[in-house]
Amino acid sequence: MVAVGSVYGWTITLFSRLISGASDVPIKITDNQSSWIVSLTEIGMIIGSFLGASFAERYGRKKCLLFASGFFIVGWTIVFFAQTVVALYVSRIILGIGMGISYTTNPMYVSEVADVEIRGALGTLIAVNVFTGSLLTCSIGPWVSYHVLTGILLAVAILFVVCFSWFPETPIFLATRGRRAEATKSLAFFKGIRDRDEARRKLEYTLRNVFIENVCDNTPVTDPGARTEPIKRSWMGKLKLMLLPSNARAFGIILSLIAAQQFSGNFITMQYLEVLFKKAAIGIDSNVATILVLVVGLISCGLSTATVEGAGRRPLLIASTLGSSVTLAILAIYLMLDERGIDVSAANLLPVIDVIIFQVTYHIGLGTLPSALMGELFSTEVKAFAGVIIMVFDGVLGFIVSKLYQVIVDWLGAHTVYYFFAGSCLLEFIMVIFTVPETKGRTYREIQELLGGSEKKKEVTECLPDRNRMAR
């Protein structure tokens, strides 16, 4: 995810140099070409989400994440040798594919190796590490050449391959493929368990809490030869599973959160952050202001990680969506006054302060928790399929926002866009209050009961006594 963040950070720190045609960059681009560079990344993410879901189900989460690194390596290599804007377009699609695979597969890997007590915190680390990658890039970028920066980002992807190769596949994936011995070793690795029998018992307990769909299959999970993996289904079969009440509700919740992320304007604002600060004539170096905003964003992500298990998901999302709406409305008012010729020189620092506060409010919930919730709300059998649809939805919205942002700014003014962003966050604030359940401290089974309603709860409750007798 640090490599994912570096893709975002590269455009943040280099756009102004590419547009102005600085001496160290090989290409000079226009504003329109810059919007294509941003939006083509979203197209790549859509492609990557399909590849990620397919490969994660077929070859495993670990191999899929290593596969994603290949796209980062190829993409940064093309950027390093690029001499035309077309080469940059191609590189951004390739890098976007790597990002799509990572965003689809990483929540699966994290949710399948994490204890219930820290699952939410580990889920938020996905966003923390994305921000770390962006901050790393923006902290180095202004003071090194185009090629040196690209070489460093290439090294990040290579370093991941070297480090992650030593990690095992998730125990749940291995168990679903009948590889019980490997699953036990994997679980022992992640839990720090040395006793093999204890690891085997822990695996059985984990599988009972994960495979909700097999709760009434009358198969004793303590039998080493028993089938605890979900039935392999076609894409049409998984689509039917997605229509079950629990999965359908989870799907609606995640889609609304993803839409709020895109329509909050965070992504596009960060891409054009340095350009925005230069236009606002804030009185301090725009690179320093950009780094300051990213540092605050990273701290906010860390705050979410530290508090999510104590405060819970719902309270953080409620505070985040409301706070984001207010700060975006303030920025919209400032931009409207500036565009109408009203002297705002006395408040030149307002955009920096407001964006910093927005980063705090956005990343304590809306910016970090959707990835964690995606790993928590869906049953194991549909997680990859749901991830594809969600990432396609995210990519389409991201492409629309990225491509239309500059068009609308030129046509109606930046304040119009930010009023829309503020309204979107306010709408999501209302949605969170009425639709998002609290998942803190709940097992997969309990979450599915909560999402499925009383009928699902009755079904699971009736089957548990039989299952418990088999376990004994």
Side-chain angles (χ1 to χ4, degrees), residues 2-42 44 71-96 98-99 131-159 267-295 348 351-352 355 402-403 405-407 409-410 414:
V2 174
V4 170
S6 70
V7 179
Y8 293 131
W10 185 87
T11 52
I12 296 172
T13 194
L14 277 182
F15 258 0
S16 61
R17 286 152 68 181
L18 288 166
I19 292 172
S20 64
S23 59
D24 68 314
V25 299
I27 307 160
K28 181 178 180 179
I29 64 174
T30 65
D31 287 337
N32 182 58
Q33 289 170 336
S34 72
S35 70
W36 276 111
I37 289 173
V38 173
S39 55
L40 284 173
T41 309
E42 301 292 335
F71 287 94
F72 290 123
I73 292 170
V74 172
W76 289 126
T77 301
I78 295 174
V79 171
F80 188 89
F81 292 105
Q83 294 296 320
T84 66
V85 72
V86 174
L88 289 182
Y89 290 163
V90 172
S91 71
R92 296 300 290 190
I93 293 174
I94 293 174
L95 290 168
M99 293 168 68
F131 237 87
T132 300
S134 296
L135 178 59
L136 173 69
T137 308
C138 292
S139 299
I140 297 172
W143 293 278
V144 300
S145 69
Y146 170 96
H147 290 98
V148 170
L149 176 62
T150 306
I152 292 172
L153 303 185
L154 176 61
V156 170
I158 296 173
L159 180 63
F267 171 71
I268 197 68
T269 300
M270 295 304 294
Q271 297 301 290
Y272 289 95
L273 195 59
E274 188 184 358
V275 177
L276 172 66
F277 287 162
K278 281 188 174 181
K279 287 182 179 179
I282 57 178
I284 60 176
D285 185 89
S286 59
N287 291 315
V288 174
T290 300
I291 292 172
L292 179 61
V293 170
L294 289 171
V295 168
N348 272 351
V352 179
V355 171
S402 301
K403 198 70 191 78
Y405 173 81
Q406 194 63 49
V407 175
V409 166
D410 293 339

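Keep in mind that this is a model prediction, so the values were computed, not measured. Counting begins at 1 with the first residue of the sequence.
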Pairwise side-chain contact, Val38 with Phe15, heavy-atom cut-off 4.5 Å (strictly under): yes
Closest heavy-atom pair and its distance - Pro142, Thr13: CD-OG1, 3.4 Å
Donor-acceptor contact present, side-chain Ser139 to main-chain Leu136, <3.5 Å: no
Interatomic distance, Ile37 atom CD1 to Leu14 atom CG [nearest 0.5 angstrom]: 10.0 Å
side-chain contact (heavy atoms from CB on, under 4.5 Å) against Thr84, all qualifying residues, sequence neighbours excluded: Val86, Ala87
CG on Leu95 to CZ on Phe71, rounded to 0.5 Å: 10.5 Å
Minimal non-hydrogen separation, Gly9 against Ser134, with atom names: N-OG, 3.9 Å
Shortest non-hydrogen contact from Gly133 toward Thr137: O-OG1, 2.8 Å
Can you give each donor-acceptor pair under 3.5 Å made by side-chain atoms of residues 145-158, sequence neighbours left out, with the distance rounded to 0.1 Å?
residue : atom : partner : partner atom : Å
Ser145  : OG   : Val148  : N            : 3.2
Tyr146  : OH   : Val79   : O            : 2.7
His147  : NE2  : Phe80   : O            : 3.1
Thr150  : OG1  : Tyr146  : O            : 2.9

Considering all heavy atoms, the nearest Val144-Asp24 contact: O-OD2, 4.2 Å
Residue pair Trp76 / Ser6, side-chain heavy-atom distance below 4.5 Å: yes
Met99 CE to Glu42 CD distance, which is reported to the nearest 0.5 Å: 7.0 Å
Worked verdict on Ile29 versus Trp36 for side-chain contact (heavy atoms from CB on, under 4.5 Å): CA-CA 10 Å; Ile29 64 174; Trp36 276 111; over 6 Å; no
Shortest non-hydrogen separation from Gly75 to Ser91 and the atoms involved: O-CB, 3.6 Å
Lys28 to Ile19 - nearest heavy-atom pair and separation: CE-O, 3.4 Å
Arg92 side chain to Gly44 backbone, donor-acceptor under 3.5 Å: no
